[in-house]
Amino acid sequence: MSTKVNPIDAYINKSNDFAKPILIHLRKLVNKACPEVEESIKWGFPNFTYKGMLCYMAAFKEHCTFGFSKGEILKDEDKVLTTVGKTAMGHFGKVKTIQDLPPDKTILMYLNEAMKLNEAGAIVPRKKSPGLEAVEAPSDMKKALAQNKKAAETFKTFSNSNRKEYVQWVEEAKTEATREKRLVQAIEWMAEGKVRNWKYIKK
């Protein structure tokens, strides 16, 4: 009789060796702060839920990320949180070793604050979408475009509306991991000269 493997354990086990101790450590801290937390895999990476989405973590080729669902409205008294969307690196930046993380007590403090926000039903204000005028790529997209000449040329020759579709798609990602996946896909499609919704264009 086969034993069902916990999806979070499976995710950690298939991650690169450098990432495993980081993910294990973060997971322990989340469960220490919130014993009632529910774990699941959503959008391809571990998510932790407590009275709503609480936080998430993800492993990439050379770094890990950790983010809070309501990171934008956390108090950040210790000034350790980076801004997802501007850096595209999660709220603790690019984590390559456990030493790159804030002290455990600091992480637990932010987790407790995040729990209180969920208990209070706090809502993160929605960002306004860029208008049709002067649509520019966000910093992480600019960097990716600079590394792919074909995609850069496509973006340059796009109409403002076509640019806006890609920028909005990337900007509206709710997590850093989802943002990175969308950015990779956007560059791939633009390198092929495709608009964002090319799949729905009638041939």
Side-chain angles (χ1 to χ4, degrees), residues 6-8 11-12 15 19 22-60 63-96 98-131 137-141 166-186:
N6 181 291
I8 306 296
Y11 182 92
I12 294 174
S15 298
I22 299 171
L23 299 176
I24 291 171
H25 186 70
L26 288 169
R27 184 187 189 188
K28 285 182 178 179
L29 289 177
V30 173
N31 280 273
K32 181 178 181 180
C34 184
E36 300 174 16
V37 75
E38 295 181 5
E39 302 179 334
S40 63
I41 295 291
K42 294 180 180 178
W43 307 293
F45 51 90
N47 284 257
F48 302 93
T49 304
Y50 170 73
K51 298 183 184 299
M53 180 65 181
L54 182 68
C55 55
Y56 60 87
M57 64 182 186
F60 298 95
H63 71 278
C64 295
T65 60
F66 183 85
F68 297 94
S69 178
K70 295 181 173 65
E72 293 179 46
I73 57 176
L74 284 176
K75 292 180 180 178
D76 195 17
E77 295 178 353
D78 285 13
K79 306 298 180 183
V80 301
L81 302 182
T82 59
T83 304
V84 173
K86 291 184 178 180
T87 63
M89 294 187 294
H91 289 112
F92 292 151
K94 289 185 177 180
V95 182
K96 298 182 179 180
I98 290 180
Q99 286 68 41
D100 291 333
L101 291 168
D104 289 359
K105 65 178 182 180
T106 300
I107 297 177
L108 290 170
M109 178 182 71
Y110 283 103
L111 284 167
N112 286 327
E113 177 65 22
M115 289 167 60
K116 291 178 181 178
L117 288 175
N118 279 9
E119 290 169 348
I123 298 175
V124 178
R126 295 189 65 180
K127 295 181 180 179
K128 293 183 179 180
S129 300
S139 58
D140 52 344
M141 183 181 284
Y166 271 116
V167 171
Q168 281 187 316
W169 188 48
V170 171
E171 292 281 12
E172 289 173 355
K174 294 183 179 180
T175 67
E176 184 273 340
T178 299
R179 184 185 179 95
E180 287 202 13
K181 288 182 178 180
R182 288 186 179 182
L183 183 56
V184 170
Q185 184 64 81

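Nothing fancy with the numbering, it's 1 onward along the sequence. Keep in mind that what you see is a predicted model, and the values were worked out from it rather than measured.
- The heavy-atom pair separating Leu108 from Ala33 by the smallest distance is CD2-CB, 3.8 Å.
- Taking CG of Leu23 as the reference point, atom CD1 of Ile98 lies at 9.5 Å (rounded to 0.5 Å).
- Nearest heavy atoms, Ala137 versus Val167: CA-CG2, 4.2 Å.
- Listed here is the closest heavy atom pair of Pro7 and Ile41: CB-CG1, 3.7 Å.
- If you take CG on Asp100 and NZ on Lys94, they are separated by 12.0 Å, rounding to the nearest 0.5 Å.
- Annotation: salt bridge (Lys or Arg N to Asp or Glu O under 4.0 Å) contacts involving residues 24-40, sequence neighbours excluded, comprise Asp9-Arg27, Arg27-Glu39.
- Classified by interplanar angle (parallel below 30°, tilted 30° to 60°, perpendicular above 60°), the ring pair Tyr110/Phe68 is tilted.
- For Ala58 against Ala177, the heavy-atom pair with the smallest separation is CB-CB, 4.0 Å.
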Tell me which donor-acceptor pairs under 3.5 Å the side chains of residues 45-53 have, and how far apart each pair is, sequence neighbours excluded?
unit_1	atom_1	unit_2	atom_2	d
Asn47	ND2	Lys42	O	3.1
Asn47	ND2	Phe45	O	2.8
Tyr50	OH	Glu119	OE2	2.5

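- Contact of the Glu176 side chain with the Phe60 side chain is registered, since non-hydrogen atoms from C-beta on lie closer than 4.5 Å.
- Residues that satisfy the ring pair (Phe, Tyr, Trp, His ring centres under 6.0 Å) test with Trp43, not counting sequence neighbours, are absent from this structure.
- To the nearest 0.5 angstrom, Gln168 atom CD is 11.0 Å from Arg182 atom CZ.
- The shortest non-hydrogen separation linking Glu113 to Leu74 is CG-CD2, 3.4 Å.
- The pair Arg179-Glu172 does not count as a salt bridge, with every side-chain nitrogen at least 4.0 angstrom from each carboxylate oxygen.
- Within the 4.5 Å cutoff, side-chain heavy atoms of Leu26 are placed close to those of Leu101.
- The CZ atom of Phe66 sits 8.0 Å away from atom CG of Leu29, with the distance rounded to the nearest 0.5 Å.
- Cys34 is not listed as a side-chain neighbour of Leu111, based on a closest heavy-atom distance of 4.5 Å or more.
- For Pro35, the side chain to side chain contact (heavy atoms under 4.5 Å, CB included) criterion is met by no residue, not counting sequence neighbours.
- Using cut-offs of 30° and 60° for the angle between ring planes, the His91 and Tyr56 rings count as tilted.
- Closest approach of Met115 and Leu54 over heavy atoms only: N-CD1, 3.7 Å.
- Within the 4.5 Å cutoff, the side chain of Glu171 has heavy atoms near those of the Pro138 side chain.
- In this structure Lys70 satisfies the side chain to side chain donor-acceptor pair (under 3.5 Å) test together with Asn118, sequence neighbours excluded.
- The side chain to side chain contact (heavy atoms under 4.5 Å, CB included) search around Lys105 returns Pro103, not counting sequence neighbours.
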